[in-house]
Asks: 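One structure coming up, written as structure tokens, with questions to follow.
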Amino acid sequence: MLWIKAFHIIFVVTWFAGLFYLPRLFVNLALVPAQSHAERDRLLLMARKLYRFMTPLAVLAVALGLTLWIGFGYRGGWLHAKAALTVLLIGYHLWCGRALRGLVAGTDRRGHVFYRWVNELPVVVLFAAVLLAVLKPF
């Protein structure tokens, strides 16, 4: 069980790294001048590669979390709250993919301030999930 828990934590940390950085790329994309095609293309390439890299990490993090929950019988209301946060993160991850597709297509017109705010959601979720997992308040 400890191996599964260790790998779950590793994959969660790496997934979060992507969730933190991808919206920062969106901020930079929103700031690129219209005539700067090379810079825009480079940032889009980075964003696409990061999304493709972090998606399998998310799948592994969730799969190992489910293994710990179902396979080892973890119980408690804290775990249901943590699962709800995970569902929120999965939705956020998928939303980032949709935003990326919009940026690639040139149809996403959101500004850098919007993406700066959006970038804060995974920070809040991380704090809540860690507090739930460590403190198990209910």
Side-chain angles (χ1 to χ4, degrees):
M1 176 183 77
L2 291 178
W3 281 99
I4 294 171
K5 189 182 285 188
F7 280 106
H8 171 64
I9 293 168
I10 290 167
F11 289 124
V12 166
V13 168
T14 55
W15 180 27
F16 264 100
L19 290 174
F20 290 152
Y21 191 62
L22 186 60
R24 294 302 306 165
L25 289 172
F26 295 168
V27 168
N28 292 331
L29 279 161
L31 290 170
V32 171
Q35 68 276 13
S36 185
H37 299 291
E39 183 179 3
R40 183 177 189 286
D41 290 345
R42 181 176 41 83
L43 288 170
L44 285 173
L45 177 66
M46 291 170 60
R48 283 192 306 263
K49 284 185 176 187
L50 179 58
Y51 190 77
R52 279 191 300 239
F53 178 74
M54 63 192 253
T55 298
L57 299 171
V59 170
L60 289 168
V62 170
L64 291 172
L66 287 171
T67 300
L68 289 168
W69 187 2
I70 296 166
F72 294 98
Y74 282 13
R75 300 279 183 263
W78 68 272
L79 193 54
H80 291 95
K82 190 168 172 261
L85 291 174
T86 302
V87 169
L88 179 68
L89 276 180
I90 291 168
Y92 180 81
H93 181 104
L94 295 173
W95 179 86
C96 283
R98 185 172 179 219
L100 178 57
R101 286 188 299 277
L103 287 163
V104 168
T107 58
D108 189 311
R109 301 287 181 222
R110 295 180 186 108
H112 67 94
V113 174
F114 172 80
Y115 284 117
R116 287 180 198 276
W117 280 103
V118 165
N119 191 44
E120 301 307 320
L121 178 66
V123 175
V124 174
V125 173
L126 175 65
F127 269 80
V130 169
L131 291 174
L132 285 168
V134 173
L135 300 176
K136 296 174 181 48
F138 45 89

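Note that the numbering runs from 1 along the sequence shown for the chain.
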Asks: What distance do His112 atom NE2 and Arg24 atom CZ have between them, rounded to the nearest 0.5 Å?
Replies: 10.5 Å
Asks: Which distance, rounded to the nearest 0.5 Å, do you find between the CG of Asp108 and the CG of Leu103?
Replies: 4.5 Å
Asks: Once the angle between the rings of Tyr115 and Trp95 is folded into 0 to 90°, is it parallel (under 30°), tilted (30 to 60°) or perpendicular (over 60°)?
Replies: tilted
Asks: Locate the shortest heavy-atom distance separating Leu64 from His8; write the atom from each residue and the value.
Replies: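 Nearest pair, atom of Leu64 first, then His8: CD1-N, 3.6 Å.
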Asks: Can you see which heavy atom on Arg48 is nearest to which on Leu100, and at what distance?
Replies: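 Heavy atoms of Arg48 and Leu100 come nearest at CA-CD2, 3.8 Å.
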Asks: Taking Thr55 for its side chain and Arg52 for its backbone only, find out whether a donor-acceptor pair lies under 3.5 Å.
Replies: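 No: the side chain of Thr55 does not pair with the backbone of Arg52.
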Asks: Closest approach of Pro23 and Gly18, non-hydrogen atoms and distance?
Replies: CD-O, 4.3 Å
Asks: Could you see if Val130 belongs to whatever hydrophobic cluster contains Leu85? Use Ile, Leu, Val, Met, Phe, Trp, Tyr and a side-chain cutoff under 4.5 Å.
Replies: yes
Asks: Assess whether atom NZ of Lys5 is packed by more than 12 heavy atoms of other residues, nucleotides or ligands within 6.0 Å.
Replies: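 No.
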Asks: What's the separation between atom CG in Leu31 and atom CZ in Phe26, rounded to the nearest 0.5 Å?
Replies: 13.5 Å
Asks: When you group the ILVMFWY residues by side-chain heavy-atom contacts below 4.5 Å and let the links chain together, are Val62 and Phe53 in the same group?
Replies: yes
Asks: Parallel, tilted or perpendicular: which describes the rings of Trp3 and Phe7, with under 30° parallel and over 60° perpendicular?
Replies: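 Aromatic pair Trp3/Phe7 classed parallel.
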Asks: Which heavy atom in Leu29 sits nearest to a heavy atom in Arg40, and how many Å separate them?
Replies: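 Result for this residue pair: CD2-O, 3.7 Å.
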Asks: Given side chain to side chain contact (heavy atoms under 4.5 Å, CB included), test Phe20 with Leu126 step by step and report yes or no.
Replies: CA-CA 11 Å; Phe20 290 152; Leu126 175 65; 3.8 Å; yes
Asks: Side-chain heavy atoms under 4.5 angstrom apart, residues restricted to Ile, Leu, Val, Met, Phe, Trp, Tyr: same cluster for Leu25 and Leu45?
Replies: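 The answer is no; the residues belong to distinct hydrophobic clusters.
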Asks: Out of curiosity, does Tyr92 fall in the hydrophobic cluster containing Val59 (side-chain heavy atoms, cut-off under 4.5 Å, transitive links)?
Replies: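 The answer is no; the residues belong to distinct hydrophobic clusters.
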Asks: If I take atom OH from residue Tyr21 and atom CE from residue Met54, how far apart are they, to the nearest 0.5 angstrom?
Replies: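 Going from the OH atom of Tyr21 to the CE atom of Met54 covers 12.5 Å.
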Asks: Going from CG on Leu89 to CG on Leu121, what distance comes out if it is rounded to the nearest 0.5 angstrom?
Replies: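 Nearest 0.5 Å value for the CG-CG distance: 7.0 Å.
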Asks: Is it true that, when you exclude Phe127 itself, more than 12 heavy atoms of the residues, nucleotides or ligands shown sit nearer than 6.0 Å to its CZ?
Replies: no
Asks: Any side-chain heavy-atom pair from Ile9 and Val13 closer than 4.5 angstrom?
Replies: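 The answer is yes; the side chains approach within 4.5 Å.
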Asks: With hydrophobic residues grouped by side-chain heavy-atom distances under 4.5 Å, do Leu131 and Val87 end up in a single group?
Replies: no
Asks: Quick one: CG on Leu132 to NE2 on His80, what's the gap to the nearest 0.5 Å?
Replies: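 That separation rounds to 12.5 Å.
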Asks: I need the minimum non-hydrogen distance between Tyr51 and Leu94, along with the two atoms involved.
Replies: OH-CA, 3.9 Å
Asks: So, for Asn119 and Leu19, which heavy atoms are closest and what is the spacing to 0.1 Å?
Replies: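 Nearest pair, atom of Asn119 first, then Leu19: OD1-O, 4.0 Å.
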